[in-house]
Amino acid sequence: MTASPTLVWFRLDLRVSDNPALHAAAERGAPVVALFLLDDAEAGAWGFGGAQRWWLHGSLASLAGSLGERGVELVLRRGRAAEILPALAGEIGAGAVYWNRCYEPWRIARDRRLKQALAETGVEVESFNAALLHEPWAVQTLQGGSYGVFTPFWRALQQRAVAAPSPAPSAMTGLRGVESEVLADWGLLPAKPDWAGGLRRTWTPGEKAAEGRLGAFLQQAVEGYAEERDRPGLDSTSRLSPHLHFGEIGPRQVWAATRRFLERQGSAPGKAGKSAWKFLAELAWREFSYHLLFHHPALPEQPWRPQFAAFPWSDDEAAFAAWCHGRTGYPVVDAGMRQLWATGWLHNRVRMIVASFLVKDLLIPWQRGEAWFWDTLVDADLASNAASWQWVSGCGADAAPYFRIFNPVLQGEKFDPGGDYVRRWLPELAALPDSHLHRPWEAPAELLRRSGIVLGRDYPLPLVDHRRARERALAAFEEIRKEAAT
DNA sequence: AGCCGTTTCGG
DNA sequence: CGAAACGGC
């Protein structure tokens, strides 16, 4: 008989299905105590951002409900893991402590020490994989090294079998009377100015909502994904990113459901099959980011290509503020930054456009953009955020070459041809016809007047001239290229 | 997962 | 003549 309770420590795995730590606890048979520890005080610069705190509140409420249905209370505590976990384990007389692994460098270091400390007290400690298709160390080159290029990584990933998701435990035995803090006391929701209205209208945190999103995506949108995923005015992406980030759904579940979709397509998958594989490749980009972060822990702070340390960045605070608040004068950039502010999320195509604009048109360090995204995105993920900013900036692994500079006008006209996206987020430009919507400064005075727009009053003039900014960026890049060669 | 200036192709 | 292909950034 193993009567001594099992402590399950929830982190970025806020779900009951396909949760190996919870599953193992249920199998063990002893009473289960579920803990969520608000540990962001020890996260340094990478504690939960504002938008993520809003999400976390909803996700914890949802998890508490799902666990409650199964007879287990979610215990909430705050503080340092190295103190809280041993104390709680002692308090309940735990015989085992289980958790699912996280891969942020600060969590890896902390959890490794904690695991050892707990084991020394005689408790069984075990960690599991809930967050990735494969552990970052398990995908290896033929020489046993790590990958720096996506395509061979993706090929290697496809060679490996993905573990089947495990079902949610049906009923468990809980343990009554364990002291818990109250979620509402954590102040995760905004108080004075309530800026979360757009988030509430856009999102429903929690495991059930995540399953619903995946189901709806596979039923309606995945078929056209390959062709429509780049159109920010359409609702053609899965929008699973925040759910995946908080572990309300796991990549194995997404993988399995998409493979079932592919099987239903039969022998002639065609367009739908191509789209579904494209979607799986996006999941693989997420894996690739974790792989990079694991093997290069400085990824969130330092350029992966060291020669970029000498890049002549600008410290134009006014330009940075204009970018943050969507006042650059380039409609697709500004629409994106306002979507981000209002909803905590940004369409992937527009992420690339606004990031390219910050780094190449304004020459502002990618770390500034990374930090802004960290605070405003509900899906801010250390691995994906860092890897993607470095990708756009040209200093990352398998990055777009630096000289690949997005033209915000052409990108807007190509991917938002009907102007739906820009008009939704910049209503002040809504009356402009498509012909000038993405370049209002070129509109004839008469057209602006008819559209009721005074540039510089209702909408900014361009912060920089893209053509000149592009030349400036190429010249700056030339400087570090020269330096690297000598 | 670009852009742009230039050259070549084809009706 | 515009479209497509190409090569440098």
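Given the structure is predicted, the values throughout are model-derived calculations rather than measurements. So you know, we letter chains A, B, ... as the sequences are listed, proteins then strands, and number each from 1.
Counted within 6.0 Å of CH2 on A:Trp186, heavy atoms from surrounding residues, nucleotides or ligands total more than 12; the atom is thus considered enclosed.
Between A:Arg468 atom CZ and C:dC9 atom C1' there is a gap of 19 Å when expressed in whole angstrom units. In this structure, A:Leu410 places its CG atom 14 Å from C1' of B:dG5, rounding to the nearest Å. The interatomic distance linking A:Gln390 (CD) with B:dA1 (P) rounds to 21 Å, in whole Å. When rounded to the nearest whole Å, the span between CG of A:Asp230 and C1' of B:dA1 equals 7 Å. Put simply, CZ on A:Phe403 is 16 Å from P on B:dG5, counting in whole angstrom units. Look at CD on A:Glu471: it is 12 Å from C1' on B:dC3, rounded to the nearest Å. Atom pair A:Tyr402:OH and C:dG8:P shows a separation of 21 Å (rounding to whole Å applied). Computed from coordinates, the A:Leu474 CG to C:dC9 P distance equals 10 Å when rounded to whole Å.
Using a 4.0 Å heavy-atom cutoff across all strands shown, A:Gln411 reaches sugar-phosphate atoms only and no base atom. As judged by a 4.0 angstrom heavy-atom cut-off over every strand, A:Glu282 is placed among the base-contacting residues. Contacts of A:Arg351 with the nucleic acid, taken as non-hydrogen atoms under 4.0 Å apart, are absent. Using a 4.0 Å heavy-atom distance criterion, A:Arg349 is classed as a sugar-phosphate-only contact.
In this model, no donor atom of one side chain and acceptor atom of the other lie less than 3.5 Å apart for A:Asp361 and A:Tyr330. Donor-acceptor pairing under 3.5 Å is lacking for the side chains of A:Trp313 and A:Gln367. With 3.5 Å as the limit, one finds no donor-acceptor pair spanning the side chains of A:Trp277 and A:Gln158. For the 3.5 Å distance criterion, the side chains of A:Arg424 and A:Gln339 fail to qualify, holding no donor opposite an acceptor.
When the side-chain nitrogen and oxygen atoms of A:Asn407 are compared with OP1 and OP2 of B:dC4, one or more of them lie within a distance under 4.0 Å. Look at A:Arg467 and you'll find a side-chain N or O under 4.0 angstrom from OP1 or OP2 of B:dG5.
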